[in-house]
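Counting begins at 1 with the first residue of the sequence.
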Amino acid sequence: MAELKEGDAEQLHQEDVDIKGGGVSDTLVPEERQPAEDDASSASSTVGKTETLAGDNDAKPSTTTSDRHISIQTKLEGLEVLTDLNGAGRKACPLCPEEKFKACYSHKLRRHLQNLHWKVYVEFEGQKMCICHLPCRQLRPIPSPNGEQVPGRLVAHYHCVVCSVTIARKTDMISHLKRHVNKGETEASYSGSSDVPFEEPAPSGQAYEIMKELGTNVQLMPNHTTPQKTDTYFNRKMKTNRQLVFCSLAVLAEERNPLESLDAFGATGIMGLQWAKHLRNAVKVTITDINEVCVKMIRENCNLNHIRVEGSRGSSRVPDGGAGDVDGVPIATVEVAKMDANVIMHLRSFDYIHLDPFGTAVNYLDSAFRNIRNLGIISVTSTDTGSLYSKSLNVTMRHYGSNIVRTEYYKELAARMVLATVARAAARCNKGIEVLLAVAVEHFVLVVVRVLRGPTQADESAKRIRQLIHCQWCEERVFLKQGSMVEENLYRQLPCNCHGSMPGKTAVELGPLWSGPLFNSGFLRRMLFAAVQHSMEDIQPLVKTLICESECTTLKSSVHGPTALTNQVECGVVIKVQKVEESGTADHSGKRKTGDEPGNVVKKLKSDGSLEHPAFYYGIHRHSIRGMNMPKLNRFLQYLTEAGFRVSRTHFDPTGVRTDATLDQFKSVLTKYSVPTYTNTTATQNPEETVRAME
C-alpha cells in the first residue's frame with residue numbers, strides 16, 4: 001500500500017510538471033510539440049530532469065486548472081482523508097517515503113500528520129501548503145573522491161500553490177509567495193479542486209484598490225505597502241504627515257496668492273491631489289516622479305478626482321464630467337511631469353517644496369534651496385529611522401555628518417540633526433532658515449523651514465549649528481559655547497559633577513546639531529486654524545501640543561485664549577490672524593513692511609531669543625527614584641511651575657517634560673514630591689525602617 005501511495009504521489013507531481021511545461025511547449029511548432037510531450041512523460045524516472053523543469057521560481061502562473069498536489073490542503077482533515085485512518089492494520093504516510101516513515105497504526109499516523117506535516121504549513125489565500133517528504137525534490141549528485149557520483153539525498157520541501165515549484169525552506173517559500181503577490185500573480189493554478197473559486201486575472205495583470213483620504217480618491221496596487229517591490233508606494237500610516245504638510249501649505253497660501261507648490265515624489269499623487277482639491281486656485285500644484293508607472297497612476301488618479309492634468313509637454317487632458325465638477329468643468333488643475341526631482345528643482349522656482357523620498361532626503365537639499373523663492377517654505381520628511389535613531393552610526397555619519405549616541409531624547413536629537421543638515425545646505429546657497437515646525441512621531445521626522453535670502457541670514461543660521469556635550473552617566477546635556485575649547489574645559493560646562501565623582505571619560509561630544517528653536521508658535525496657531533477649517537480632527541490634538549511646547553507652558557489659554565487671535569510676527573512679516581469664520585475675507589499679502597530691512601529681521605529674531613523654548617526634555621521614568629512612588633505627570637508639572645520653572649509636555653515622548661530646570665533641580669523637585677512605596681501597616685510595624693527610608 002505504501003508503494004501504491006508513493007506511486008500516486010509521483011504521478012501527481014509529474015502531472016504538475018507537465019502543466020508547468022505546457023507554457024514552454026506552446027511556443028513550439030506542431031511537429032516539435034509531440035516529441036516534447038513524450039520527453040516530459042518519460043521524465044518520471046529521472047529526478048534531475050524533474051528538478052530542472054520545476055526549478056524556475058519566477059515562473060508565471062498557469063491558467064490551466066488541474067488537481068493540486070496532495071500536500072496542499074485547506075484543513076487537517078484533508079490530510080487524514082488521504083489514508084483510511086478508521087481502518088484496521090498498519091498504514092503508510094501519504095507524504096513520506098517508506099524508508100523515512102514506516103507503516104504504523106492509525107493513532108500514531110494521525111499524530112505524525114499533525115506534528116510533522118501540518119504544524120509547519122505555509123498559508124496562502126486559504127490554501128495550506130504542508131511539508132512534503134516524497135521524492136519530488138532531490139539534490140544533485142555529489143562527486144566522490146573516487147570519481148563516482150553519489151546520489152543526492154531527498155530534501156523536505158513545499159509545493160507552491162501558484163506555480164508548482166518545490167522550495168525547501170519555509171522562509172524561502174514565504175518570500176517566493178510575496179514575489180507572486182508583487183507581480184499580481186495571486187491566482188492558484190491548482191484551484192480546480194480547491195475551495196477558492198478561480199477567476200481570470202485582469203487584462204493589465206493588476207487589481208486596483210480605491211482608497212479615500214481627506215475627500216481624495218486614489219487607486220492603489222496590490223503591492224502598494226512594499227516599497228522595495230512596488231513603484232507606486234502608499235503608506236496609510238503617513239496620514240498624519242500628509243495633514244501636517246497640507247496645513248503648512250494652507251498657511252502659506254494665505255500669505256501669497258497664487259503660489260507654486262511642488263510634490264517632488266508623487267508615487268500615487270495623493271498629497272498633491274489633496275492640495276489641488278481643497279485649496280483649488282490658491283495653489284498651482286506640480287507633481288513629479290521619475291517612474292513611468294507612477295506618472296501613469298497619478299494621471300488616472302487625477303481623472304478619478306475630476307482634476308485637469310497638464311503634462312510636461314504642454315498637453316492638457318480634461319476628464320469627463322462627474323459629481324465633483326460642474327457641467328464638465330474640472331475643479332482644479334495639476335501639472336504632472338516625468339522628471340527627476342533634482343532636475344525640476346534646478347530648472348524652475350517654487351514657493352513651496354515638499355521632499356518625501358523613501359529614506360533620507362540629503363541628496364535633494366541642495367537642489368531645493370537653489371531656486372526656492374524668498375520667504376518660501378521647504379518641508380522635508382525623513383524615514384531612515386535606522387540612521388536617525390542611532391542604530392546605524394556609520395550611515396548617520398555618511399548622510400548627516402554627525403556623531404550621535406542613543407539617549408533618552410533621541411527623537412529630538414534626530415530632528416535637530418536633520419535641521420543642521422538643512423541649515424548647512426541652505427547656507428551653501430547663501431540662504432538662511434527659520435524653523436517653523438519639527439515633528440518626530442511614529443516612523444518619520446518632519447521639518448518645515450522658511451527660507452531667508454541673503455548671506456547675513458545664512459551666517460545667523462550657521463551660528464546656530466553647535467556641538468552638544470552629553471554626560472553618559474546622568475544624561476545631562478548642554479550645547480557647547482562658540483569658540484575653541486580644550487577637552488578639560490568641556491566638563492566644566494555641564495551642570496552635573498559626574499566628572500569628579502565617576503572614573504574615566506564621562507562626557508561625549510555629539511553633533512553638529514541645530515541649537516535654535518524647533519517651533520514657531522504663530523505659524524502653529526495658523527496651522528491649527530487651517531486644520532479646523534478643513535475638518536482635520538486627527539492632527540488637532542498634536543498641533544495643540546506643539547503650540548504649548550513652543551511656548552513651554554501648560555496653559556490651554558495659549559491655544560484658545562484671546563492671545564491666539566492677535567497678530568503674529570514671523571521673519572519680520574506682520575500677519576493678521578483672524579477667526580476661522582472671518583478667514584475667507586482676510587487679506588494676507590505676506591509682503592515685507594517698508595521699514596523691515598534684512599538687518600531688522602535679524603534683530604527681531606535676536607530679540608525673540610528670550611522666548612525660545614528650552615532645548616531637549618527629561619523623561620520622568622528615566623530619572624525616577626527606586627522605592628518611591630512618583631506623582632502624576634500633570635501634578636508634577638504643576639510642582640515645577642510653582643518652583644519657578646518653565647515647563648511643558650512634549651510630543652517627542654509621552655512621559656517627557658520640557659523645562660528650563662537643570663537635571664539636579666528636576667530631580668530635587670521629583671524627590672520632594674515622591675512618597676515611599678511602603679504602606680501604613682508596614683510603617684507601624686517597622687518604625688526603624690521607616691526612619692531609614694525617610695533619611
Side-chain angles (χ1 to χ4, degrees), residues 238 240-249 251-252 261-265 271 341 345 350 352-369 372 375-385 387-389 396 399-402 404 409-429 431-452 457 461-462 464-465 511-521 523-524 527 539 542-543 545-547 549-550 570-571 612-613 615-616 650-652:
M238 296 290 285
T240 302
N241 178 276
R242 287 188 286 268
Q243 292 185 357
L244 289 173
V245 173
F246 176 86
C247 291
S248 63
L249 177 62
V251 172
L252 184 63
S261 59
L262 171 66
D263 182 9
F265 300 89
M271 186 170 293
M345 288 187 293
F350 294 95
Y352 189 96
I353 297 177
H354 176 62
L355 302 176
D356 185 11
F358 180 72
T360 180
V362 295
N363 299 328
Y364 307 95
L365 294 178
D366 292 336
S367 303
F369 282 100
I372 187 72
L375 297 181
I377 292 179
I378 295 179
S379 58
V380 180
T381 300
S382 302
T383 56
D384 52 332
T385 55
S387 57
L388 292 175
Y389 294 160
T396 305
H399 287 171
Y400 300 97
S402 297
I404 59 175
Y409 50 93
Y410 66 94
K411 286 190 175 182
E412 184 172 348
L413 198 69
R416 292 185 178 274
M417 182 174 60
V418 174
L419 285 173
T421 307
V422 171
R424 288 197 298 268
R428 287 192 290 268
C429 298
K431 294 181 177 68
I433 64 169
E434 184 202 6
V435 182
L436 304 177
L437 174 67
V439 176
V441 293
E442 295 178 354
H443 65 285
F444 68 88
V445 175
L446 171 66
V447 296
V448 181
V449 299
R450 191 187 294 273
V451 180
L452 310 176
Q457 322 297 338
S461 298
R464 293 178 176 267
I465 303 176
L513 304 172
W514 175 260
S515 62
L518 300 180
F519 314 100
N520 186 294
S521 59
F523 189 85
L524 290 173
M527 284 184 59
I539 65 168
L542 175 60
V543 177
T545 303
L546 295 177
I547 294 175
E549 188 175 0
S550 63
E570 300 176 11
C571 304
E612 295 179 1
H613 58 81
F616 300 109
T650 176
H651 80 280
F652 292 109

_With a 3.5 Å distance limit and no angle check, can you tell me whether Ser367 reaches the backbone of Tyr364 through a side-chain donor-acceptor pair?_
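Side chain of Ser367 to backbone of Tyr364, a donor-acceptor pair under 3.5 Å: no, none is there.
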
Roughly how far, to the nearest 0.5 Å, is the [atom2] atom of [Y] from the [atom1] atom of [X]?
{"X": "Thr381", "Y": "Asn241", "atom1": "OG1", "atom2": "CG", "answer": "4.0 Å"}
{"X": "Asp384", "Y": "Tyr389", "atom1": "CG", "atom2": "OH", "answer": "9.5 Å"}
{"X": "Thr385", "Y": "His443", "atom1": "OG1", "atom2": "NE2", "answer": "8.0 Å"}
{"X": "Leu446", "Y": "Ser382", "atom1": "CG", "atom2": "OG", "answer": "9.0 Å"}
{"X": "Leu513", "Y": "Thr421", "atom1": "CG", "atom2": "OG1", "answer": "9.0 Å"}
{"X": "Ile372", "Y": "Cys429", "atom1": "CD1", "atom2": "SG", "answer": "11.0 Å"}

Got [X] and [Y] here, is their nearest side-chain heavy-atom distance under 4.5 Å?
{"X": "Arg450", "Y": "Asn520", "answer": "no"}
{"X": "Ile539", "Y": "Cys247", "answer": "yes"}
{"X": "Leu249", "Y": "His354", "answer": "no"}
{"X": "Phe523", "Y": "Leu546", "answer": "no"}
{"X": "Tyr400", "Y": "Thr360", "answer": "yes"}
{"X": "Val447", "Y": "Val435", "answer": "no"}
{"X": "Val543", "Y": "Leu244", "answer": "yes"}

*Name all residues meeting the ring-ring contact (aromatic ring centres under 6.0 Å, His included) criterion together with Phe369; count only those two or more places apart in sequence or in a different chain, and write none if there are none.*
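Testing Phe369 for ring-ring contact (aromatic ring centres under 6.0 Å, His included), a comparison that skips the adjacent residues, returns none.
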
*Check: Glu549/His651 side-chain N/O donor and acceptor closer than 3.5 Å*: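 Per modelled atom types, Glu549 and His651 side chains form a pair under 3.5 Å.
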
Return the minimal non-hydrogen interatomic distance between [X] and [Y], and the atom names on each side.
{"X": "Ala420", "Y": "Ile465", "result": "O-CD1, 3.8 Å"}
{"X": "Ser402", "Y": "Pro512", "result": "OG-O, 3.2 Å"}
{"X": "Gly432", "Y": "Ser461", "result": "CA-OG, 3.4 Å"}
{"X": "Met527", "Y": "Val251", "result": "N-CG2, 3.6 Å"}
{"X": "Ile404", "Y": "Thr396", "result": "CD1-CG2, 3.8 Å"}
{"X": "Pro517", "Y": "Arg464", "result": "CD-NH1, 3.4 Å"}

*Where does the angle between the aromatic ring planes of Phe519 and His613 fall among parallel (under 30°), tilted (30 to 60°) and perpendicular (over 60°)?*
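It falls in the tilted class, 30° to 60°.
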
_Taking the six-membered ring of Phe616 as reference, does the cationic atom of Arg416 (NZ for Lys, CZ for Arg) lie under 6.0 Å from its centre and within 45° of its axis?_
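Relative to the ring axis of Phe616, which defines the angle, Arg416 lies inside both limits.
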
_Taking side-chain contact (heavy atoms from CB on, under 4.5 Å) as the criterion, tell me which of Leu355, Ile378, Leu365 meets it with Val422._
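By the side-chain contact (heavy atoms from CB on, under 4.5 Å) criterion, Val422 pairs with just one of Leu355, Ile378, Leu365: Leu365.
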
*asked:* For Val449 and Leu436: C-alpha separation, side-chain torsions, deciding distance, then whether side-chain contact (heavy atoms from CB on, under 4.5 Å) applies.
replied: CA-CA 5 Å; Val449 299; Leu436 304 177; 5.9 Å; no

*Residues Glu412, Leu518; criterion side-chain contact (heavy atoms from CB on, under 4.5 Å); working and verdict*: CA-CA 9 Å; Glu412 184 172 348; Leu518 300 180; 3.7 Å; yes

